[in-house]
Engineer: 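Before I ask anything, let me first share the structure, which is written out below as structure tokens.
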Amino acid sequence: MTALGFLYPGHSAEDDYPRMEQMLGSDIRLQVVHTDIGEDAHRVDALLEMGSPARLAAGVEELRLSGAEAVVWACTSGSFVHGWEGAHDQVRALARTAGLPASSTSFAFAHAAREVGAARVAIAATYPDDVAAHFTGFLKSAGLEVVAARGSGIITAAEVGTWGRDEVFALARAGDHPDADALLLPDTALHTAAYVRDLEAAVGKPVLTANQVTVWEALRLAERRINAPELGSLFTKEPVVQAEGTPRG
């Protein structure tokens with residue numbers, strides 16, 4: 001049994017995690033601990049506070065008691081908004097507090113893009129444009145070329161969590177670009193686990209979604225490889241890529 005820990009802000013699309021646990025079809029347990037979201041707003045100041053060390057540390061003990069072998073801060077905007085260096089500092093602090101290998105969803109996207117061989121990516125974001133621009137900057141720091149980035153102007157995670165299949169597919173189609181090697185949907189508040197394979201069929205390329213890459217990143221930290229085609233191209237690649245640059249405990 002491999003237990004993996006996730007610090008998830010508030011309550012929006014956390015039911016993606018038990019769904020993905022079933023899809024993995026192996027001895028994998030996904031333990032989700034909810035952190036205090038503070039103000040639910042896709043606004044830079046609120047996002048900086050959401051990912052503060054104190055808020056993340058509050059959930060660490062519960063994850064340790066669950067037997068987690070690795071921990072991922074399951075929030076994209078609450079990590080990339082700190083910038084490349086700040087996001088590294090955030091993960092280093094989490095690793096020290098937890099005493100475990102640690103990462104965040106933002107780094108998960110960078111590592112997952114490398115895993116599927118995507119040098120050029122398109123971003124289909126739920127966020128306002130100014131927040132989406134921070135993600136573009138983060139990915140550029142990771143060495144990726146962002147050929148298109150589309151925001152949707154959604155302010156709260158609560159609203160994103162109400163989106164269903166139709167809204168997710170409309171977002172993906174609107175944000176895709178013919179020059180992109182992969183399409184990225186960066187919001188852990190967005191339900192996507194049930195749709196990844198169909199999304200890839202619709203756009204004809206790998207699709208990386210926030211909760212999907214978060215689970216893949218935790219498996220990478222635990223040095224586990226699970227083949228789960230329902231979760232898209234990312235979960236069918238061999239061998240395991242041990243991406244460099246992620247702080248570990």
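All residue numbers in this chain count up from 1 along the given sequence. Everything numeric in this text was worked out from a predicted model, so none of it was measured.
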Engineer: Take a 6.0 Å sphere around CZ of R64 and say whether it holds more than 12 heavy atoms from other residues, nucleotides or ligands.
Structural biologist: yes
Engineer: Side-chain donor-acceptor pair under 3.5 Å between T126 and S152, yes or no?
Structural biologist: no
Engineer: Please examine the side chains of S77 and D187, heavy atoms only from C-beta on, and report whether any two atoms are closer than 4.5 Å.
Structural biologist: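 The answer is no; the side chains never approach within 4.5 Å.
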Engineer: Are the side chain of K205 and the backbone N or O of L183 linked by a donor-acceptor pair below 3.5 Å?
Structural biologist: no
Engineer: When you compare the side chains of R55 and T35, does any donor N or O come within less than 3.5 Å of an acceptor on the partner?
Structural biologist: no
Engineer: Ring centres under 6.0 Å, that's the criterion: do F109 and F80 meet it?
Structural biologist: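 Distance test on ring centres: not under 6.0 Å, no.
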Engineer: Decide whether E200 and S233 meet the rule of one side-chain donor and one side-chain acceptor closer than 3.5 Å.
Structural biologist: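 A donor-acceptor contact under 3.5 Å links the two side chains.
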Engineer: Quick check: closest heavy atoms across Q90 and L56, and the distance to 0.1 Å?
Structural biologist: CG-CD1, 4.0 Å
Engineer: Would you name the heavy atoms of L144 and A110 that are closest together and state the gap between them?
Structural biologist: CD1-CA, 4.4 Å
Engineer: Pairing donors with acceptors under 3.5 angstrom, does anything connect the side chains of H82 and D89?
Structural biologist: no
Engineer: Nearest 0.5 angstrom please: H111 NE2 to S103 OG, how far?
Structural biologist: 6.0 Å
Engineer: As a quick check of understanding, evaluate side chain to side chain contact (heavy atoms under 4.5 Å, CB included) for N211 and Y8, giving each step before the final call.
Structural biologist: CA-CA 10 Å; N211 290 321; Y8 186 95; 4.0 Å; yes
Engineer: Give a yes or no on whether a salt bridge exists between E69 and R220, defined as a side-chain N under 4.0 angstrom from a carboxylate O.
Structural biologist: no
Engineer: Would you check if I123 and F135 make a side-chain contact, meaning some heavy-atom pair closer than 4.5 Å?
Structural biologist: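 Yes, side chains in contact.
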Engineer: Side chain of Y17, backbone of V215: donor and acceptor closer than 3.5 Å?
Structural biologist: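 Side chain of Y17 to backbone of V215, a donor-acceptor pair under 3.5 Å: no, none is there.
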Engineer: When you measure from the side chain of D16 to the backbone N and O of T192, does any donor-acceptor pair fall under 3.5 Å?
Structural biologist: yes
Engineer: May I ask you to test the E61-L65 pair for a side-chain heavy-atom distance under 4.5 Å?
Structural biologist: yes
Engineer: Are L63 and L7 packed together at the side-chain level, in the sense that at least one heavy-atom pair is separated by less than 4.5 angstrom?
Structural biologist: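 They are in contact (side-chain heavy atoms under 4.5 Å apart), so the answer is yes.
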Engineer: Given 3.5 Å as the limit, does a donor-acceptor pair link the side chain of T105 with the main chain of A108, or not?
Structural biologist: no
Engineer: Quick one: are V71 and V60 in side-chain contact, heavy atoms under 4.5 Å?
Structural biologist: no
Engineer: With a 3.5 Å distance limit and no angle check, can you tell me whether H34 reaches the backbone of G10 through a side-chain donor-acceptor pair?
Structural biologist: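 Yes.
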Engineer: Take atom CD in E62; do more than 12 heavy atoms of anything else shown fall under 6.0 Å from it?
Structural biologist: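 Result for CD/E62: open.
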Engineer: Which pair of non-hydrogen atoms, one from R19 and one from A194, has the smallest distance, and what is that distance?
Structural biologist: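 Heavy atoms of R19 and A194 come nearest at NH1-CB, 3.6 Å.
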Engineer: If you measure from CE on M20 to CD on E230, what distance do you get to the nearest 0.5 Å?
Structural biologist: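 Separation between the atoms: 12.5 Å.
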Engineer: For a ring pair (Phe, Tyr, Trp, His ring centres under 6.0 Å) with F107, tell me which candidate from F138, W73, W216 qualifies.
Structural biologist: F138
Engineer: Between the main-chain N or O of A74 and the side-chain N or O of T188, is there a donor-acceptor pair closer than 3.5 Å?
Structural biologist: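 Looks like yes, one N/O pair under 3.5 Å.
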Engineer: Look up atom CD in E145 and atom OG1 in T136, then write down how far apart they are to the nearest 0.5 Å.
Structural biologist: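 Between atom CD of E145 and atom OG1 of T136 there are 12.0 Å.
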Engineer: Can you tell if the side chain of Y195 reaches within under 4.5 Å of the side chain of T209, non-hydrogen atoms only?
Structural biologist: no
Engineer: Would you check if the side chain of D181 reaches a backbone N or O of R120 as a donor-acceptor pair within less than 3.5 Å?
Structural biologist: yes
Engineer: What distance do E21 atom CD and L30 atom CG have between them, rounded to the nearest 0.5 Å?
Structural biologist: 4.5 Å
Engineer: Donor-acceptor pair, H191 side chain versus G161 backbone, under 3.5 Å?
Structural biologist: yes
Engineer: Do any N or O atoms from the side chain of S106 and from the backbone of T76 form a donor-acceptor pair under 3.5 angstrom?
Structural biologist: yes
Engineer: Does R29 reach the main-chain N or O of S66 with its side chain, forming a donor-acceptor pair under 3.5 Å?
Structural biologist: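 Answer holds: yes.
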Engineer: I'd like to know if R165 and D198 make a salt bridge, using a cut-off of under 4.0 Å between side-chain N and carboxylate O.
Structural biologist: yes
Engineer: Is the shortest heavy-atom distance from the side chain of L219 to the side chain of I28 under 4.5 Å?
Structural biologist: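 Sidechains of I28 and L219: in contact.
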Engineer: Measure the shortest side-chain to side-chain distance between L190 and L171 over non-hydrogen atoms and say whether it is less than 4.5 angstrom.
Structural biologist: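 The answer is yes; the side chains approach within 4.5 Å.
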